[in-house]
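Side chains are part of it too, since the values below use all heavy atoms of this structure and drop only hydrogens, waters and symmetry mates.
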Amino acid sequence: MQERSINQQVTVSFNYPVLFTQDAFSIDNHHLANLVSTDGRKSARMLVVIDENVFTHHPHMITQLKCYALAHKIDLVKKPLVVTGGEKIKTQDPVLEHIYQVVADEKIDRHSYILVIGGGAVVDAVGYAAATAHRGIRLIRMPSTVLAQNDAGIGVKNGVNYLGRKNYLGCFTPPYAVINDHNLLSTLSARDKRAGMAEAVKVALIKSPDFFNELYTNRHALAAFEDDAVQSMIYRCAELHLDHIANSGDPFEMGSARPLDFGHWSAHKLEALSEYRIRHGEAVAIGIALDALYSCRQGMISEQQNNQIWQLLLDLGFELTCPELQTLDVTASLEEFREHLGGVLCITLLTHIGAAIEVNQIDSQCMQACADFLSASQAQKIQTP
Ligand SMILES: NC(=O)c1ccc[n+]([C@@H]2O[C@H](COP(=O)([O-])OP(=O)(O)OC[C@H]3O[C@@H](n4cnc5c(N)ncnc54)[C@H](O)[C@@H]3O)[C@@H](O)[C@H]2O)c1
Ligand SMILES: [Zn+2]
């Protein structure tokens with residue numbers, strides 16, 4: 001046998017627009033219509049999937065959508081599917097089977113579209129179904145929470161929870177397009193208006209002192225959910241995430257470093273420990289406070305910088321403690337995170353406000369002491385250390 005090898009190299013580039021608008025389904029808003037192409041058919045075929053809480057708060061959406069579709073040669077293949085909202089859809093919902101069945105029954109092919117309107121959880125789960133049915137149907141995301149518009153809905157990851165593990169089943173599949181409709185956000189609960197802001201604080205802390213200053217200056221306007229401050233926060237946060245995905249050299253996370261997961265190793269664990277009572281963004285706020293405090297105790301940032309970070313989170317309205325911190329086993333959780341990364345442990349810490357570093361080792365005793373410090377502050381609002 002003659003030993004031989006072929007060095008196969010495939011380069012694929014992805015290109016998708018992320019649009020910021022309002023009233024996306026008013027007839028004279030052409031964004032959606034301009035995105036879809038008929039591909040030689042008389043109309044573009046589209047399956048619409050809507051988060052149940054978006055549907056409840058925007059009862060006229062389906063009628064509006066039908067009028068929009070009629071006016072713009074879009075063929076809605078079926079009455080829009082209304083699906084479970086929140087983390088439940090990723091954890092214990094038969095949504096995947098449901099969508100696969102509809103795709104088969106309605107003959108939705110790789111040139112058709114799935115339009116998903118919902119929070120990060122719905123977008124993640126429907127995105128996974130769309131990416132896997134026929135190995136990928138064109139997905140247009142219309143994220144409907146702050147967190148989904150500035151992070152979850154604009155990137156390349158899709159997934160569901162499985163075997164008790166967060167995002168255990170998933171894939172890296174960029175969307176066909178994203179439309180961020182600001183009007184959708186008006187019906188969010190105060191909790192969900194706030195939760196997504198944690199991702200903005202996160203990306204500012206690791207990448208942009210200017211953005212951190214903007215958030216700090218606007219913190220009371222953001223807490224009051226004033227339009228200008230919120231729109232600017234979402235745009236800048238999305239821009240920094242997209243820039244990282246495009247230019248970090250590792251869009252599909254082949255290496256172990258995950259700077260965008262700053263504060264997330266504990267956040268994922270706290271979400272699971274709370275059986276998803278704590279929102280992702282709320283857990284991320286606690287995770288940021290924890291890793292900032294650890295960075296401070298390791299002498300990497302000053303106490304004053306740590307105080308400013310905590311102050312921003314507190315003024316945005318986050319609680320920096322939760323009962324689950326009492327049962328957080330730092331060593332075991334770090335090991336679980338390492339397994340999830342699939343290589344060496346890689347944790348993002350801060351060296352400055354707006355600058356981060358990856359470390360491969362954590363002093364578990366010190367980290368446990370930081371977690372215990374947060375946990376001991378069982379008051380609703382804790383004082384900055
Ligand atoms: N794929 C990624 O890159 C990525 C990144 C970050 C987070 N995530 C995932 O995103 C999820 C969290 O997303 P989230 O914070 O949007 O929470 P969520 O999807 O759980 O939504 C929160 C609640 O708001 C409701 N809702 C959604 N839109 C609404 C609207 N316009 N008006 C009223 N209610 C509305 C939902 O039904 C739900 O009850 C987590 O599962 C997290 O793991 C994914
Ligand atoms: Zn996150």
Side-chain angles (χ1 to χ4, degrees), residues 14-39 41-83 85 108 111-120 122-123 126-127 130 137-155 174-188 192-193 196 225-239 241-242:
F14 295 95
N15 196 325
Y16 60 92
V18 178
L19 307 165
F20 298 80
T21 186
Q22 44 195 25
D23 282 332
F25 299 137
S26 80
I27 302 277
D28 53 0
N29 186 321
H30 288 259
H31 285 307
L32 178 61
N34 289 343
L35 284 172
V36 298
S37 80
T38 55
D39 275 340
R41 297 165 166 153
K42 62 179 191 307
S43 55
R45 306 190 74 231
M46 183 180 285
L47 171 69
V48 180
V49 185
I50 307 181
D51 186 313
E52 64 185 350
N53 289 309
V54 175
F55 174 69
T56 308
H57 288 96
H58 301 265
H60 305 301
M61 184 182 274
I62 290 187
T63 314
Q64 228 190 342
L65 237 169
K66 283 183 180 161
C67 296
Y68 189 91
L70 207 62
H72 292 286
K73 284 194 175 175
I74 297 171
D75 171 19
L76 300 181
V77 296
K78 192 180 164 67
K79 207 170 136 213
L81 304 181
V82 177
V83 297
I108 293 168
H111 293 259
S112 309
Y113 300 84
I114 293 182
L115 171 67
V116 58
I117 309 163
V122 165
V123 162
V126 175
I137 294 166
R138 295 170 177 177
L139 178 75
I140 301 178
R141 300 192 192 128
M142 204 178 282
S144 64
T145 62
V146 172
L147 189 133
Q149 292 199 356
N150 67 11
D151 181 350
I154 56 157
Y176 187 82
V178 182
I179 302 176
N180 277 344
D181 184 335
H182 187 71
N183 284 7
L184 288 175
L185 307 181
S186 64
T187 55
L188 286 172
D192 288 305
K193 283 177 175 162
F225 213 68
E226 287 175 18
D227 272 339
D228 286 352
V230 172
Q231 282 176 18
S232 172
M233 181 262 299
I234 290 175
Y235 181 81
R236 191 79 185 104
C237 180
E239 189 179 41
H241 275 88
L242 290 167

task = With side-chain hydrogen bond (donor to acceptor under 3.5 Å, both in side chains) as the test, would you mind laying out the steps for Asn183 and His58 before giving the verdict?
result = CA-CA 10 Å; Asn183 284 7; His58 301 265; over 6 Å; no

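- Cys67 contributes atom SG, which lies 9.5 Å from atom CG of Leu65 (distance to the nearest 0.5 angstrom).
- Although no hydrogens or angles enter the test, the distance criterion places no donor-acceptor pair under 3.5 Å between the side chain of Gln22 and the main chain of His182.
- Residues Val230 and Lys193 form no side-chain contact, since every pair of their non-hydrogen atoms from C-beta on lies 4.5 Å or further apart.
- The shortest distance between side-chain heavy atoms of Ile140 and Pro175 does not fall below 4.5 Å.
- Minimum heavy-atom separation, His241 to Asn150: ND1-O, 3.4 Å.
- Within a 6.0 Å radius of OH in Tyr235, no more than 12 heavy atoms belonging to other residues, nucleotides or ligands are found.
- Here the closest heavy-atom approach between residue Pro17 and residue Leu35 is recorded as CG-CD2, 3.7 Å.
- The distance from atom CD1 of Ile154 to atom CD1 of Ile179, rounded to the nearest 0.5 Å, is 14.5 Å.
- Heavy atoms only, all atoms of each residue included: Asp192 and Leu188 are closest at CB-CD2, 3.9 Å.
- Lys66 is not listed as a side-chain neighbour of Val48, based on a closest heavy-atom distance of 4.5 Å or more.
- Here Gln231 contributes atom CD and Glu226 contributes atom CD; the two are 12.0 Å apart, rounded to the nearest 0.5 Å.
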task = Would you check, one step at a time, whether the test side-chain contact (heavy atoms from CB on, under 4.5 Å) holds for Asp181 with His31?
result = CA-CA 11 Å; Asp181 184 335; His31 285 307; over 6 Å; no

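- Between Leu115 and Val36 the shortest side-chain heavy-atom distance does not fall below 4.5 Å.
- Although no hydrogens or angles enter the test, the distance criterion places a donor-acceptor pair under 3.5 Å between the side chain of Tyr68 and the main chain of Ala33.
- A heavy-atom distance below 4.5 Å is found between the side chains of Phe20 and Ile234.
- With a 4.5 Å cut-off on side-chain heavy atoms, Tyr16 and Leu242 count as touching.
- Within the 3.5 Å criterion, the main-chain N or O of Ile27 finds a donor-acceptor partner in the side chain of His72.
- Here the shortest heavy-atom pairing between Gly119 and Ala148 reads C-CB, 4.0 Å.
- Note that the OG atom of Ser144 and the NE2 atom of His57 stand 11.0 Å from one another [nearest 0.5 Å].
- Pairs passing the salt bridge (charged side-chain N to carboxylate O under 4.0 Å, His left out) check and including a residue from residues 73-82, sequence neighbours excluded, read Arg45-Asp75.
- Formation of a donor-acceptor pair under 3.5 Å by the Thr56 side chain with backbone atoms of Glu52 is found in this model.
- The CD1 atom of Ile117 sits 9.5 Å away from the CG atom of Asp51 when rounded to the nearest 0.5 Å.
- Closest heavy-atom contact between Arg141 and Gly153: NH1-O, 2.7 Å.
- Nearest heavy-atom pair across Gly118 and Val123 is O-CG2, 3.5 Å.
- With rounding to the nearest 0.5 Å, the separation of NE2 in His60 from CZ in Phe55 is 11.0 Å.
- Thr21 and Asn29 are linked by a side-chain donor-acceptor pair at a separation below 3.5 angstrom, with hydrogens and angles left out of the test.
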inquiry  = Using the rule given for side-chain contact (heavy atoms from CB on, under 4.5 Å), can you reason through Ile137 versus Leu47, listing the C-alpha separation, both sets of side-chain angles and the distance that settles it, and then say yes or no?
reply    = CA-CA 10 Å; Ile137 294 166; Leu47 171 69; over 6 Å; no

